[in-house]
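Only one structure is covered here, and it is reproduced in the block below.
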Amino acid sequence: MSSIEKLVRFSSLGGTVSIYGRGLGADGQVLEAEREIRELHDHLTRFEDDSELSRLNRDQRISVPASPVMLRLAEAVSYAGRLSKGLVDATMLDEIERAGYVESIDRSSPDAAPPSDTYSGPRGEQAPPPGSWRSVSVHVADQTVIRPVGVRIDSGGLGKGLAADIAAEAMRGLELFSVECSGDLRIGGSAAEERSIDVASPVEDEGPIAKITLSEGAVATSGVTRRSWQKADGEAAHHLIDPRTGRPAETGLIQVTAIAPTALEAEVRTKAALLSGPEEAAGWLIHGGMVVEDDGSIRAFGENVRTGAHA
């Protein structure tokens with residue numbers, strides 16, 4: 001008897017989501033994973049005024065009732081800050097908007113417009129201080145998110161990592177599964193089949209620059225070239241904010257790929273490595289990965305990462 005296979009693709013999370021499952025029950029589990037991701041997007045997008053995240057960011061209460069997926073995002077904000085020693089700070093929304101990222105950039109659409117350069121200043125009473133991720137917490141019994149009024153959360157990459165992990169949880173019983181959420185990939189399955197994963201070039205329309213071999217786990221890539229734009233004053237900008245300066249990062253790295261057991265961890269490690277710069281990036285890639293420096297040179301870490309002629 002042949003295994004059941006199911007594949008779905010759809011636009012979400014600022015790009016394309018692809019979900020694949022193989023095994024008994026694949027139809028239902030893949031569709032459940034799709035439902036979970038669509039629900040996460042609706043709750044956590046900051047580009048819709050009526051989303052739960054947008055309402056939370058406007059709420060004038062310190063403690064705000066929250067859905068299960070919002071509670072997971074708030075927990076992820078704290079986790080990312082602790083793991084990265086503050087380098088990955090999901091409370092830098094004012095700085096992201098000041099850089100010009102106030103509208104969605106859907107890279108799955110050929111008609112996607114660049115971010116607007118319009119910014120009218122912080123949405124709260126005043127911009128939150130650096131390190132505000134420390135002030136975000138969850139009260140499990142009350143099902144509430146707690147943070148000071150004026151501290152706003154950006155779902156961004158943490159939302160993509162969470163989405164991939166939540167989808168993986170919905171498909172954990174299958175022989176084989178994979179879910180890619182706008183560049184964040186999570187794979188697994190009881191068959192433990194080894195798969196080859198292409199790492200895209202930081203230059204759009206160029207072919208892959210490396211291959212990663214993996215049977216279970218996650219891969220995330222962050223860079224400063226894909227979601228980038230030129231501001232009205234001619235200054236280049238991108239979405240990855242350095243919390244030490246409050247401005248788009250300039251560290252000598254233009255792209256980092258990280259391997260980790262979960263997509264959320266991979267997402268945090270890739271951003272922490274990129275923000276750390278060439279000398280310290282390797283320390284964040286403890287499960288493997290690769291970096292691309294601003295002169296185009298590539299360094300790989302781990303036996304399962306092959307670059308150039310070896311890819």
Side-chain angles (χ1 to χ4, degrees), residues 15-16 18 20 79-80 83-85 87-88 107 156-158 160-161 164-165 168 176-189 192-228 238-242 248-311:
T16 299
S18 176
Y20 168 80
Y79 166 80
L83 178 62
S84 69
K85 298 179 172 58
L87 283 174
V88 181
R107 291 308 188 194
L158 298 186
K160 293 191 301 176
D165 289 337
L176 208 66
F177 69 79
S178 66
V179 53
E180 182 177 4
C181 296
S182 298
D184 283 15
L185 176 69
R186 177 78 186 268
I187 65 173
E193 289 186 12
E194 203 167 72
R195 282 171 275 184
S196 180
I197 301 157
D198 287 340
V199 178
S201 168
V203 180
E204 207 156 4
D205 299 325
E206 285 194 0
I209 57 173
K211 288 186 182 295
I212 294 172
T213 304
L214 202 64
S215 61
E216 184 174 8
V219 178
T221 297
S222 289
V224 301
T225 59
R226 298 290 182 123
R227 291 178 184 269
S228 61
H238 56 79
H239 73 297
L240 188 57
I241 300 296
D242 188 332
E250 297 180 18
T251 67
L253 296 176
I254 59 172
Q255 183 169 292
V256 175
T257 298
I259 303 169
T262 68
L264 179 59
E265 181 180 342
E267 178 68 34
V268 175
R269 289 192 177 280
T270 184
K271 284 185 167 55
L274 196 152
L275 288 165
S276 293
E279 299 302 319
E280 299 180 22
W284 295 103
L285 305 178
I286 62 172
H287 306 289
M290 57 174 291
V291 303
V292 183
E293 300 189 22
D294 54 13
D295 63 1
S297 59
I298 298 172
R299 287 185 290 145
F301 307 94
E303 295 180 356
N304 56 341
V305 183
R306 305 187 306 279
T307 62
H310 304 289

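Note that the structure is predicted; figures quoted are calculated from it, not measured.
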Taken in chain and number order and not counting sequence neighbours, the residues that satisfy salt bridge (Lys or Arg N to Asp or Glu O under 4.0 Å) with Glu216 are none
Residues 294-303 vs salt bridge (charged side-chain N to carboxylate O under 4.0 Å, His left out), sequence neighbours excluded, gives Glu293-Arg299
Closest non-hydrogen contact found for Ala218 with Arg186 is CB-CD, 4.0 Å
For Leu214 and Ile187, the nearest pair of non-hydrogen atoms, with its separation, is O-CD1, 3.4 Å
The side chain to side chain donor-acceptor pair (under 3.5 Å) partners of Thr270 (sequence neighbours excluded) come to none
For Val305 and Ala300 the tightest heavy-atom approach is CG1-CB, 3.8 Å
Distance col, row Arg269:CZ vs Thr257:OG1, nearest 0.5 angstrom, shows 14.5 Å
Ser215 meets the side chain to side chain contact (heavy atoms under 4.5 Å, CB included) criterion, sequence neighbours left out, with none
Tabulate below the donor-acceptor pairs under 3.5 Å that side-chain atoms of residues 278-288 make, not counting sequence neighbours, or state none.
| from | atom 1 | to | atom 2 | distance (Å) |
| --- | --- | --- | --- | --- |
| Trp284 | NE1 | Ser276 | OG | 2.8 |
| His287 | NE2 | Glu265 | OE2 | 2.9 |

| query | Given Arg306 and Thr213, is the side chain to side chain donor-acceptor pair (under 3.5 Å) satisfied, shown in steps? | reply | CA-CA 8 Å; Arg306 305 187 306 279; Thr213 304; 2.8 Å; yes
- Determine, step by step, whether Ser222 and Val256 satisfy the side chain to side chain contact (heavy atoms under 4.5 Å, CB included) criterion, reporting the C-alpha distance in whole Å, the side-chain angles of both residues, the deciding distance to 0.1 Å, and the verdict. CA-CA 5 Å; Ser222 289; Val256 175; 5.6 Å; no
Legend entry - Non-hydrogen side-chain atoms of Val199 and Lys211 separated by less than 4.5 Å: no
Value for CD1 (Ile197) from CD (Glu180), rounded to nearest 0.5 Å, stands at 9.5 Å
Quick one, Lys271 and Leu240 - any side-chain contact, counting heavy atoms below 4.5 Å? yes
Those residues at least two apart in sequence (or on a different chain) that pass side chain to side chain donor-acceptor pair (under 3.5 Å) with Ser196 are none
